[in-house]
**Student:** 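Structure provided below as structure tokens; questions to follow.
A quick note: this is a predicted structure, and the numbers were derived from the prediction, not measured. Whatever order the structure lists ligands and atoms in, that order sets their numbers, starting from 1.
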Amino acid sequence: MPWKDLSAKTFASIRELSGISQRTQEEHYELYKGYVNKVNEIQKKLDSVDRAAANQIYSEYRALRTDLSFAIGGVKNHETYFAHLGGKGGQPGGRVMELIQRDFPGYDQWLADFKAAGLAARGWVWLAYDHDWNVLTTATGDAQNTFPIWNATPILAMDVYEHAYWLDYGRARAKYIDAFFNNLDWDVVAQNLDRALAMQQVHK
Ligand code: FE
């Protein structure tokens with residue numbers, strides 16, 4: 001089946017946020033659109049690439065497959081990120097809080113650890129629901145396509161690539177991480193968790 005183009009989603013968070021400038025959000029959104037365009041470009045090339053020439057050292061097929069995972073990661077990560085920005089921060093309620101408290105030593109400890117992960121990662125930090133172990137877990141990734149765990153659904157995604165904060169904070173990444181949490185919409189995170197838990201029911 002020939003590839004059907006993805007189109008870029010729109011997000012209410014592409015505007016001035018508290019401590020994250022409109023320019024940062026607009027530039028960042030353009031990067032996201034670049035990932036969408038590259039997924040479409042690569043998928044179309046994959047429709048007609050010479051599979052007989054596939055080779056692990058170098059081949060067109062290898063280059064397309066490798067970079068496709070990077071481009072798809074760039075789409076999915078940013079769609080999670082932009083969708084849950086634009087909120088009022090604070091603390092989560094309901095099931096998100098319950099599960100954080102159940103699966104980590106406590107909310108404050110989880111938050112401190114997640115912020116440390118944001119300083120340690122080169123690309124992303126995710127809070128994900130692990131469907132095999134039935135727990136929330138924190139994961140770091142150094143690029144769009146370094147997902148360390150299979151069968152886990154990210155419910156919160158924090159971009160720590162420099163493009164997410166350099167215009168506003170220079171190298172003071174910790175200040176950006178605080179701003180990220182000040183703008184987090186926990187209701188969207190709660191919806192993501194509900195969706196992950198609904199998938200859990202399907203898996204059983
Ligand atoms: Fe980004």
**Student:** Could you note down all residue pairs passing side-chain hydrogen bond (donor to acceptor under 3.5 Å, both in side chains) where residues 60-74 supplies at least one of them, sequence neighbours left out?
**Tutor:**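 Passing the test, one end in residues 60-74: Y61-R65, S69-N145.
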**Student:** So, the side chain of D47 versus the backbone of P2: is there a donor-acceptor pair under 3.5 Å, distance only?
**Tutor:**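 Absent.
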**Student:** For W133, what are the other residues in its hydrophobic cluster, where any two members join if their side-chain heavy atoms are less than 4.5 angstrom apart?
**Tutor:**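 In the cluster with W133 are V135.
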**Student:** Regarding E79 and K76, does a basic nitrogen lie under 4.0 Å from an acidic carboxylate oxygen?
**Tutor:**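 Salt bridge absent between E79 and K76.
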**Student:** Is E30 salt-bridged to K33, going by a charged N under 4.0 Å from an acidic O?
**Tutor:**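 Judged by the 4.0 Å cut-off on N to carboxylate O distance, E30 and K33 do form a salt bridge.
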**Student:** Counting no waters, what protein N/O/S atoms lie under 2.8 Å from the Fe ion (ligand 1)?
**Tutor:**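 Sorted hits: H28 NE2, H78 NE2, D159 OD2, H163 NE2.
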**Student:** Using atom types as modelled, flag every donor-acceptor pair under 3.5 Å from a side chain in residues 104-120 to any protein atom, sequence neighbours excluded.
**Tutor:**
from, atom 1, to, atom 2, distance (Å)
K115, NZ, D178, OD1, 2.8

